[in-house]
Amino acid sequence: MKPAGIYIHIPFCRSRCSYCDFATGMYSADLAERYVLSLAKEIATFEPPANEPEVDTIYFGGGTPSLLTPGQLETLLNAVHQRFAISATPEVTIEINPGSAALETLRIVRGLGFNRASFGVQTFDDQELARLGRSHGAEDARRTFRHLRNSGWDNVSFDLIAGLPGQTMAGWRRNLDEAFELRPEHLSFYLLEVHQGTPLATHIKNGLQPKPDEDLAAEMYEVMLDRAAAAGYEHYEISNLCLPGLHSRHNSKYWTAAPYYGFGCSAHSYDGELRRWANERGVVQYMEMIEVGRSVIVDETRLSAADRQAEAVFLGLRMMQGFSFAEYRNTFGADLREKYEQDLTRFREAGLIECNDDLLKLTRAGALLSNEVFAAFV
Ligand code: SF4
């Protein structure tokens, strides 16, 4: 069994961004305190899977985990350490919202054992940030990055979003100039998705904001990858870049069928074999269920052999290094080339994939149209 990851969901934010459809709500100190107690109880009473593996990554995501106090973060880390066998060199990540953590707080949090920080810059353009309803400005992001460096964080990731309403290629190039000048160890890069029911979707529908230009966003993706390669970054996953060797060990578990256990409302888990499950999404409902000793699992899936084979391909293909035909044969006793011969031929002719003797890989064009490729394997 591969080592496992732990994900802890902190569902609080200071305000709601206009494009967000995550399970998160408004922060209040009382709610956060009650939620941390519930989380600690859920972790302590987690039922061990058979042959429970060692844990080598812990990830605090949200929401905005940096809204918790250092004492609350420590409570949760202690709960994880008491319940699980942790490797000697775990990757321990916390997501931080720019402007939400002071220098001294970052220093204390680093001292608790967190060794990787991830924060959502999204863009260095204040007007674009305002249109997204983000609570921070570009200067907050720059200051947060400086604070992280000055308080000992040497593994920092940040996110950028391309294809924002009204964003130009010139504006995008300015974002990239600034991002690569800061030189974080890791960069995540997303094309804006407009989710139904979000304020952004309503603004676009009512003509208050321009519709994102998908062709321009695709060009932005290409420009980003060229700049990243020139700056020495490795494009290791469709949406992720890193300096050599500094990929996200935690997120890589999601693409390589490793086990991960999620805690908190809306958290998802996988036992690394046949079982996936998901927790109650509502914060208050989640806490009430924990407080009366009820299970918070509201959805559970047993994977069939066909499900596992399909997942292995469409998750594994997210990794730009490619997916091994031999590994597929060894794991599932089937020949991937034969099974999907027609689809593989079609995608190769369309320039979406490349194959050699052992590897099946997405091309850059394939990475942009990955959902079309993945659909063939589902
Ligand atoms: S900070 Fe992140 S989780 Fe919170 S509202 Fe904005 S996009 Fe959503």
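These numbers come from the heavy atoms of this one structure, side chains and all, not from hydrogens, waters or symmetry mates. Whatever order the structure lists them in is the order used to number ligands and atoms, beginning at 1.
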**Complete:** d(Cys17 SG, Leu200 CG) to nearest 0.5 Å is 11.0 Å
**Asked** Are Arg294 and Glu280 ion-paired here, with the side-chain N under 4.0 Å from a carboxylate O?
**Response** no
**Message:** Within the 4.0 Å heavy-atom shell around Cys13, which atoms of ligand 1 are there?
**Reply:** 1 (S), 3 (S), 4 (Fe), 5 (S)
**Prompt:** Which residue owns the protein heavy atom closest to atom 2 (Fe) of ligand 1, what's the atom, and how far is it?
**Reply:** Arg134 NH1, 4.0 Å
**Where ligand 1 meets Tyr19 - atom numbers and elements under 4.0 angstrom, heavy-atom basis** = 7 (S)
**Message:** Closer than 4.0 Å to some heavy atom of Gly63 - which atoms of ligand 1 meet that?
**Reply:** 3 (S)
**Asked** With backbone taken as N, CA, C and O and side chain as the heavy atoms from C-beta onward, which portion of Ser15 lies under 4.0 Å from ligand 1: side chain, backbone, both, or neither?
**Response** backbone
**Message:** I need the atoms of ligand 1 closer than 4.0 Å to a non-hydrogen atom of Cys20, numbered in the order shown.
**Reply:** 3 (S), 5 (S), 7 (S), 8 (Fe)
**Prompt:** Which bit of Cys17 is near ligand 1, meaning a heavy atom under 4.0 Å away: side chain, backbone, both or neither?
**Reply:** both
**Prompt:** Does a side chain donor of either Thr75 or Asn78 reach within less than 3.5 Å of an acceptor in the other side chain?
**Reply:** no
**Request:** State whether Lys253 and Asp56 are salt-bridged, where the test is any N-O pair (Lys NZ or Arg NE/NH1/NH2 against Asp/Glu carboxylate O) under 4.0 Å.
**Result:** yes
**Complete:** ligand 1 atoms nearer than 4.0 angstrom to some heavy atom of Phe22 are 3 (S), 8 (Fe)
**Asked** Is Arg337 positioned over the aromatic face of Phe325, cation under 6.0 angstrom from the ring centre and no more than 45 degrees off axis?
**Response** yes
**Message:** Is there a path of hydrophobic side-chain contacts, each under 4.5 Å between heavy atoms of I/L/V/M/F/W/Y residues, joining Phe314 to Phe347?
**Reply:** yes
